[in-house]
There are 2 protein chains.
Amino acid sequence: MKDLLKQIPIFENFNDDDLVYLQTISTVQTLKKNSIVFFKGDEPRYLHVLLEGSLKIYKYNQNNNEVMLKMLNTASLVAELANLEHMPYPSNCSTLEESKLLLIDYGKFENHFLKDSKFLFMFVKSLTNAILMLEKTISFNLTLNSTSKVARHLYEIFPSSCHMNHKIRASTLNMTPETYSRIIRKFKDENLIKEENGKVEILDEEKLKKYFDA
Amino acid sequence: MKDLLKQIPIFENFNDDDLVYLQTISTVQTLKKNSIVFFKGDEPRYLHVLLEGSLKIYKYNQNNNEVMLKMLNTASLVAELANLEHMPYPSNCSTLEESKLLLIDYGKFENHFLKDSKFLFMFVKSLTNAILMLEKTISFNLTLNSTSKVARHLYEIFPSSCHMNHKIRASTLNMTPETYSRIIRKFKDENLIKEENGKVEILDEEKLKKYFDA
DNA sequence: GCCTTTAATTGATTTGTGTCAATGATATAT
DNA sequence: ATATATCATTGACACAAATCAATTAAAGGC
């Protein structure tokens with residue numbers, strides 16, 4: 001777990017003592033697929049760290065369809081901001097597969113770590129990272145059409161999410177499985193990609209790139 | 001200017017000495033309507049503070065239409081992250097009306113202020129604020145359809161932007177002026193709002209609310 | 001292994017929003 | 001004050017993506 005925590009920006013410079021203390025104020029929780037981690041409106045009591053599995057952060061649109069705002073994979077800090085601001089969670093969170101979470105008692109964490117300015121640099125780094133991700137999400141969703149989103153997802157995000165099925169990939173990209181399927185079909189017909197037992201392989205990287213870097 | 005700077009989260013706890021030093025490393029720039037502040041890809045040399053007027057942060061989509069990612073009004077810090085990370089600007093920025101900017105030499109700012117941990121708390125606060133805004137943008141753009149966006153904009157964002165014309169309001173909401181106009185017409189026909197010499201008045205707040213808080 | 005459920009694909013249709021075009025209204029400049 | 005440019009509105013049409021529906025494929029449970 002130590003190594004895993006060090007992959008997370010906010011903990012990367014924690015020393016052994018810090019990590020030991022962190023464990024004394026934490027518990028590990030294992031959740032089955034499609035379990036709720038928290039609901040929109042809940043008061044945050046824990047800092048959640050995703051040790052294994054994957055989560056989605058989501059809301060509902062007018063038509064009560066889920067809109068996935070963020071997907072989180074192993075070694076992520078979940079929704080740090082609601083904690084920091086002592087505000088209720090702005091979105092829902094649930095598991096996409098069986099997952100293991102570290103629940104850190106936030107009151108204790110705040111008292112021990114956040115009063116200490118040596119940790120603030122790490123905090124700034126973590127927040128900075130969060131901003132970069134958010135800006136990427138905005139730009140991705142607002143400037144690209146469905147075809148481009150799929151192309152870019154295949155090109156750059158794909159390796160990390162290749163174990164996921166089409167349905168989840170589509171929802172990550174905020175489109176329906178039907179649309180996703182049709183675009184994948186088009187790419188196959190154009191010989192840009194091929195798919196063998198669920199594993200996608202890119203055949204023509206350059207042509208695929210043309211779909212998104214205008 | 002002192003009072004204005006103190007409205008900006010990152011400067012709110014600056015003392016007089018800090019503010020005086022800030023001025024020695026800054027210049028003021030006045031720009032006409034539709035002037036470029038920076039282009040995507042530029043290297044940031046200044047920390048920009050918007051003293052007067054308004055700006056847009058934008059990119060282009062596949063069809064070379066502008067997509068506005070953010071609008072900034074008086075007393076805003078512009079694109080702090082590109083500075084912090086020493087990365088090129090990820091988007092373009094231009095003025096929406098005649099505007100006055102404070103250009104702070106970022107190299108000097110960083111040396112004087114960011115090495116000092118007493119300023120880090122303010123920095124965390126500023127970043128936190130930025131994250132909240134970004135999350136709101138994502139949620140706004142991904143969960144609402146055009147009608148809901150206009151309703152919510154009228155309801156909550158409107159007073160601050162009532163001096164703007166329809167074209168800019170539409171682009172703030174990432175829709176065409178035509179779509180905006182049609183929705184406004186619908187709301188007028190339903191007696192939800194009325195418009196007199198460019199000034200919108202809400203007639204039925206409850207009904208307007210129903211369009212966005214599902 | 002078979003049965004049941006969930007996921008994937010494909011076609012037909014609908015819907016929301018953008019595009020194009022024409023006209024009327026405002027603002028700005030000379 | 002008039003001319004010119006910009007903005008606003010409205011209608012007709014186009015298009016991307018969602019929805020609905022039907023079928024096939026794959027995965028999980030017993």
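Below, read A as the first sequence line, B as the second, and so on, with proteins coming before strands; counting in each chain starts at 1.
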*Taking only the side-chain heavy atoms of K167(A) (C-beta and beyond), determine which of dT17(C), dA8(D), dA7(C) contains the nearest atom.*
dA7(C)
*Return yes if the base of dC7(D) and the side-chain atoms of E178(B) contain a donor-acceptor N/O pair under 3.5 Å, otherwise no.*
no
*Would you say N63(A) reaches dT19(D)'s phosphate, i.e. side-chain N/O to OP1/OP2 under 4.0 Å?*
yes
*Ignoring backbone atoms, test whether S146(A) places a side-chain nitrogen or oxygen under 4.0 Å from the OP1 or OP2 oxygen of dA16(D).*
no
*dA17(D), dT17(C), dT9(C): which one has an atom nearest the side-chain heavy atoms of K188(A)?*
dT9(C)
*Is the NZ atom of K59(B) crowded by more than 12 outside heavy atoms at less than 6.0 Å?*
yes
*Take the protein atom CG of N65(A) and the nucleotide atom C1' of dT15(C), then report the distance between them rounded to whole Å.*
14 Å
*asked:* From the set dT10(D), dC7(D), dT10(C), return the single nucleotide nearest to any side-chain atom of K33(B).
replied: dC7(D)
*Give the rounded distance in Å between these two atoms: NZ of K32(A) and P of dG29(D).*
10 Å
*Atom CD1 of I184(A) and atom P of dA8(C): how far apart are they, to the nearest Å?*
11 Å
*Looking at K209(B) and E205(B), does any basic side-chain N land under 4.0 Å from a carboxylate oxygen?*
no
Counting only pairs under 3.5 Å, give me each side-chain donor-acceptor contact of residues 29-43 of chain B, with atom names and distances, residues two or more places apart or in other chains.
| residue | atom | partner | partner atom | Å |
| --- | --- | --- | --- | --- |
| S35(B) | OG | K32(B) | N | 3.4 |
| S35(B) | OG | K32(B) | O | 2.6 |
| D42(B) | OD2 | F39(B) | N | 2.9 |

*asked:* Under 3.5 Å, is there any donor-acceptor pair linking the side chain of R182(B) to the base of dG16(C)?
replied: no
*Is the phosphate of dT17(C), meaning OP1 or OP2, less than 4.0 Å from a side-chain N or O of T176(B)?*
no
*Provide, to the nearest angstrom, the distance between the CG atom belonging to N145(B) and the P atom belonging to dT19(D).*
12 Å
*Determine, using ring centers only, whether Y211(A) and Y155(A) are less than 6.0 Å apart.*
no
*Just to confirm, is there a sub-4.0 Å distance from OP1 or OP2 of dA18(D) to any side-chain nitrogen or oxygen of T179(A)?*
yes
_Categorize R185(A) for me: base, sugar-phosphate, or nothing, with a 4.0 angstrom heavy-atom threshold over every strand shown._
sugar-phosphate
*Flag the pair K207(B) and E190(B) as a salt bridge only when some basic side-chain nitrogen lies within less than 4.0 angstrom of an acidic carboxylate oxygen.*
no
*Could you check how far CD1 of I168(A) sits from C1' of dA8(C), rounded to whole Å?*
14 Å
